[in-house]
Asks: 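The structure's right below; bear with me while I get my questions together.
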Amino acid sequence: NAGVMQNPRHLVRRRGQEARLRCSPMKGHSHVYWYRQLPEEGLKFMVYLQKENIIDESGMPKERFSAEFPKEGPSILRIQQVVRGDSAAYFCASSPVGIAGGQHEQFFGPGTRLTVL
Amino acid sequence: GENVEQHPSTLSVQEGDSAVIKCTYSDSASNYFPWYKQELGKGPQLIIDIRSNVGEKKDQRIAVTLNKTAKHFSLHITETQPEDSAVYFCAAASSGSARQLTFGSGTQLTVLP
């Protein structure tokens, strides 16, 4: 059973360009989460999505960042007009559908390391 | 919102000794507490978790304890091996629609051969 897939693994962008990060959840999982990790720090929650729905985006910066999880295909985290402060590792996690209200394990992908020059 | 504090930030132990990492949380509504191991250049790997309806859980050399009254939980690794060297993160979450994990700042564990 394949784990959470993320691509690209490494992404280099110049300031002002756009970055698109992709995440394919584990088979059978319909909940996707994005986290950001700055060097030497823990992971910070960004957004929680289900198919075609953003459930919680309380951790997303108000500008330049957006996320989607379409009916078909991977979840996409999009960063427009990147700045040097966006350089970080971005991790996607997925969890299965379960009993309403229950917290289920989140399994992480290998991450995308974004470098903004 | 939830705040998770983790100590120590670095921990060195001799191979075969035990290692203990401690975390405290602030939100009494939190009821799920996973621990992740992160090796250099890789994503976090879930190693054990505990829910608020139990006080202790064990899986081979790894155990986690939870004190809901004091709002703290700990990871215990016994008979440490060099391959246990990694960064360990604790996290907390509450049930309901807000499923986000709030992470501690991490502990760099080094097991000396």
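Only this structure's heavy atoms are used, side chains among them; waters, hydrogens and symmetry mates stay out. Labels below follow one simple rule: chain letters A, B, ... track the order of the sequence lines, proteins then strands, and each chain is numbered from 1.
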Asks: Counting neighbours of CZ on B/Arg61 that are heavy atoms of other residues, nucleotides or ligands and sit closer than 6.0 Å, is the number greater than 12?
Replies: yes
Asks: Give a yes or no on whether the backbone of A/Phe107 and the side-chain of B/Tyr36 come within a donor-acceptor separation of less than 3.5 Å.
Replies: no
Asks: What's the shortest heavy-atom distance between A/Gln37 and B/Phe89, and which atoms?
Replies: NE2-CZ, 3.5 Å
Asks: Sort out for me which of B/Gly41, B/Ser9, B/Pro34, B/Gly1 touches chain A most, counting heavy-atom pairs under 4.5 Å.
Replies: B/Gly41
Asks: Quick one: of A/Lys44, A/Arg9, A/Arg113, who has the most non-hydrogen atom pairs under 4.5 Å with chain B?
Replies: A/Arg113
Asks: For B/Glu15, I'd like to know if atom CD has over 12 heavy atoms of other residues, nucleotides or ligands within 6.0 Å.
Replies: yes
Asks: Could you go through A/Met46 and B/Gln100, starting from their C-alpha distance and side-chain angles, then the distance that decides it, and tell me whether this counts as side chain to side chain contact (heavy atoms under 4.5 Å, CB included)?
Replies: CA-CA 9 Å; A/Met46 299 181 74; B/Gln100 59 175 279; over 6 Å; no
Asks: Take atom CD in A/Gln81; do more than 12 heavy atoms of anything else shown fall under 6.0 Å from it?
Replies: no
Asks: How about NZ on A/Lys51, more than 12 heavy atoms from neighbouring residues, nucleotides or ligands closer than 6.0 Å, or not?
Replies: yes
Asks: Same cluster or not: B/Val20 versus B/Leu66, using hydrophobic residues (I, L, V, M, F, W, Y) connected whenever any side-chain heavy atoms lie under 4.5 Å apart?
Replies: no
Asks: How close do A/Phe108 and B/Pro44 get, heavy atom to heavy atom, and via which atoms?
Replies: CB-O, 3.4 Å
Asks: Are A/Ile76 and A/Val32 co-members of a hydrophobic cluster defined by side-chain heavy atoms under 4.5 Å apart?
Replies: no
Asks: Side chain from CB out, backbone as N, CA, C, O: work out which of these in B/Gln45 comes under 4.5 Å of a heavy atom of chain A, or both, or neither.
Replies: neither
Asks: Take A/Tyr35 and B/Phe103 through the side chain to side chain contact (heavy atoms under 4.5 Å, CB included) test and state the conclusion after the steps.
Replies: CA-CA 10 Å; A/Tyr35 293 83; B/Phe103 282 84; 3.7 Å; yes
Asks: Quick one: do A/Glu105 and B/Tyr32 satisfy side chain to side chain contact (heavy atoms under 4.5 Å, CB included)? Show the steps, please.
Replies: CA-CA 9 Å; A/Glu105 301 90 337; B/Tyr32 175 66; 3.5 Å; yes
Asks: State, to 0.1 Å, how close B/Leu101 and A/Phe45 come at their nearest heavy-atom pair, and which atoms those are.
Replies: O-CB, 4.1 Å
Asks: Heavy-atom count around B/Leu40 CG within 6.0 Å, excluding the residue itself: above 12?
Replies: no
